[in-house]
Amino acid sequence: MPHAREIQLQIRGTPEHEFGHAEKGGGSKQAADHGRRSAGGSVWWWLMVMFDILVMLCGQTIATLLGRLYYNSGGNSKWMASLMQSGGSPLLAILLLFTPPHSAGAGTQPPASKMVPIYVGIGILIGLDNLMYSYALQYLPVSTFALVAATQLAFNSITSRLINKQRFTAHIANSVVVLTFSAALLGVGSSSDSTSSNLPHGKYTLGFILTLSASAILALNLSLFEVTFEKVVRTRTFRWVLMVQMCTNVVASMVAVCGLFASGEWRTIPGEMAAFKEGRARYVATLVGMAVAWQAMAVASMRLIARVSSLFANVTGTVALPLVPVFAVILFGDKMTGIKAIAMLMAVWGFLSYMYQHYLDDRRVAMTKEGAAECRACAARAGGEAVLHA
């Protein structure tokens, strides 16, 4: 997503337990999360999570900056911008060629009759979500758009609780609130941007509704991805992450292509390319870079959903919002204001609050394991003493 939207992934030799396997039977979501975390070792789990966070932040920041370059240099096609957010999905087929096939021990594979409707349904939602964000930015001032788009984290908190049974603690609640205010503060600080002027009259209400709807759909999509891995796929290998990401984004790309031709915008592409300030080659390179960066961000987000939760992936994506203005200062000569600096610090604080909760969870699990080991040792000693007395 344009608001809140060099992979070096270990492909060969990636262990099947990298994401863990399905959790059979009952048990709480938290127990399942800890089971996934301990499957490959806590240190390895944290390293992979930090790697995915880095890729997600870099991908989203680069894609957003390239999108800014596209519009600044003369690009104007909303359908093309929407297409680039999912159009790089065929590139994932190359990565699939190098991933190990599904092993027999990975459990029963979900039938196509279940997966195809999921791919089509979520893919259509992604395509509509991308388009709504693109058009909403055209109908709203940048400040209002950022303020309303910040609600996607609050929406995701609701969907995570209702659909994914997410457990909320004081640290997680603090993270959600601080990050939401960080994005909102960034919107307030952009109220004087030049992009807030020359907006179409009478479109404000429509832009507000589109942004609010797109934020809700994004939150729903993230929770649907998480429940798909938990209830349908029931395994979290890298191959399945690529499969789900590629198939849903192919559907979203088909939606964007249909819109591009139905709207007639495809006729303006040759002229747009010729009038691009940086030249035709830079035009193509900008679009390709956007497509690759969005896919890098999306795959990393999907890996975080599979490893941790949809809310964690959303929190990570929200952290990138204040990072974009910092790089815009360097690349586009924007002004670095105190509000932008405060928003960035708030985002870092909110993210660290969420990470601290996971650290506490790790400590709790480790203490539980140590306590269980001591109990087993005590029971063994008691049994030995009973035999001696007998």
Side-chain angles (χ1 to χ4, degrees), residues 1-8 55 57-95 123 126-139 142 145 193-200 245-246 249-300 320 323-334:
M1 316 307 168
H3 76 296
R5 246 5 153 232
E6 315 111 313
I7 296 184
Q8 185 187 354
V55 173
L57 293 178
C58 291
Q60 183 170 327
T61 302
I62 292 172
T64 305
L65 292 172
L66 287 176
R68 167 83 176 273
L69 178 64
Y70 169 76
Y71 286 116
N72 285 358
S73 301
N76 194 42
S77 174
K78 300 300 183 295
W79 279 108
M80 180 61 74
S82 299
L83 177 60
M84 289 304 101
Q85 294 175 51
S86 55
S89 53
L91 296 174
L92 302 182
I94 300 175
L95 294 178
I126 292 175
L128 294 176
D129 188 59
N130 293 342
L131 181 66
M132 282 192 288
Y133 272 123
S134 297
Y135 272 91
L137 189 56
Q138 187 181 29
Y139 296 152
V142 175
F145 173 81
D193 287 352
S194 58
T195 49
S196 300
S197 59
N198 301 323
L199 294 168
Q245 175 65 25
M246 183 180 69
N249 274 253
V250 165
V251 175
S253 300
M254 293 172 62
V255 172
V257 169
C258 291
L260 185 65
F261 281 92
S263 65
E265 281 192 4
W266 64 275
R267 298 187 183 93
T268 67
I269 300 302
E272 183 177 283
M273 184 184 299
F276 199 70
K277 293 179 181 179
E278 306 295 332
R280 293 175 179 268
R282 291 288 184 88
Y283 178 85
V284 175
T286 300
L287 293 181
V288 171
M290 287 171 59
V292 173
W294 279 125
Q295 286 307 304
M297 175 265 181
V299 171
L323 295 180
V324 174
V326 175
F327 286 96
V329 170
I330 302 172
L331 299 176
F332 300 111
D334 289 5

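Heavy-atom basis, side chains included; hydrogens, waters and symmetry copies ignored. Because the structure is a prediction, the values reported are computed rather than measured.
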Legend entry - Minimum heavy-atom distance between S82 and N130, given as atom pair plus value: OG-O, 3.6 Å
Inset, instruction - Considering non-hydrogen atoms only, spot the tightest contact between G289 and L66 and give its length. - result: C-CD1, 3.4 Å
Inset, instruction - Return yes when atom CE of M273 has more than 12 non-hydrogen atoms of other residues, nucleotides or ligands closer than 6.0 Å, and no otherwise. - result: yes
Legend entry - Closest heavy-atom pair and its distance - M80, E265: N-OE1, 4.3 Å
Legend entry - Qualifying residue for side chain to side chain contact (heavy atoms under 4.5 Å, CB included) with L92, from N249, V299, V250: V299
Legend entry - Distance in Å, I94 CD1 paired with M246 CE, rounded so as to fall on 0.5 Å steps: 11.0 Å
Inset, instruction - Measure the shortest side-chain to side-chain distance between V251 and I126 over non-hydrogen atoms and say whether it is less than 4.5 angstrom. - result: no
Legend entry - Over all atoms of both residues, closest heavy-atom pair of A252 and G127: CB-N, 3.7 Å
Legend entry - Which atom of S77 lies closest to which atom of Y71, heavy atoms considered: O-OH, 4.3 Å
Inset, instruction - Could you list the residues that satisfy side-chain hydrogen bond (donor to acceptor under 3.5 Å, both in side chains) with S89, not counting sequence neighbours? - result: none
Legend entry - Any residue meeting salt bridge (Lys or Arg N to Asp or Glu O under 4.0 Å) with R267, in chain and number order, not counting sequence neighbours: none
Inset, instruction - Heavy atoms only: give me the nearest N76-E272 pair and the separation to one decimal. - result: N-OE1, 2.9 Å
